Amino acid sequence: MAEIPQGDADRAADADRLRALEAKLAALTPKPEGPGPMGKYEQANLAWRMVIELVTGLGLGFVFGYGLDYLMGTTPFLMVLFIFLGLAAGVKSMMRTASELDRKSGPAPEGEKSGERPDRDERD
């Protein structure tokens with residue numbers, strides 16, 4: 001069985017050994033160089049954002065077109081025109097989000113690429 005530290009000196013020695021072990025582990029742990037690959041939830045959030053941007057563009061185009069048609073008495077003309085303008089705005093916004101997706105994603109960590117574990121030193 002393990003010995004239980006009896007005094008403050010034993011506790012301090014154990015704390016020093018623990019700090020030294022943590023420092024060794026921190027030195028051996030690979031540090032990420034840049035942004036890591038996006039998780040599945042982050043990708044899903046971006047996909048929903050793109051869908052919402054497209055639908056919002058279409059909806060706003062419909063509302064503005066219908067409102068102007070109602071005020072001016074030109075029944076379907078402006079509604080159709082603004083729906084297409086809203087579609088174009090939604091697609092442009094989606095393309096901007098897609099370019100953000102390319103910018104955020106990074107390479108997979110090296111340990112995950114080949115399935116190897118990082119090098120380990122010999123243990124005591």
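It should be emphasised that the depicted structure is a prediction, and the values quoted were computed from it without experimental measurement. Counting begins at 1 with the first residue of the sequence. Scope of the values below: all heavy atoms of this structure, side chains included, with no hydrogens, waters or symmetry mates.
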Carboxylate-amine/guanidinium contact R11 D14, below 4.0 Å
no
Hey, is CG on D8 packed in by over 12 heavy atoms from elsewhere, all under 6.0 Å?
no
Spell out, yes or no, whether F77 and Y70 are grouped together once hydrophobic residues are joined by side-chain heavy atoms under 4.5 Å, including indirect joins.
no
Which value, rounded to the nearest 0.5 Å, describes the distance between Y66 atom OH and I83 atom CD1?
12.0 Å
Cluster overlap M72 with F82, hydrophobic side-chain contacts below 4.5 Å:
yes
Are L87 and V63 grouped together when hydrophobic residues (ILVMFWY) are joined by side-chain heavy atoms under 4.5 angstrom apart?
yes
I need the L60 CG to L85 CG distance, nearest 0.5 Å.
12.0 Å
What pairs with M94 under side chain to side chain contact (heavy atoms under 4.5 Å, CB included), at least two apart in sequence or on another chain?
M50, E53, L54
Rounded to the nearest 0.5 Å, what separation is found between the CZ atom of F84 and the CG atom of L58?
10.0 Å
Is a side-chain donor or acceptor of T29 paired with a backbone partner of L25 at a separation under 3.5 angstrom?
yes
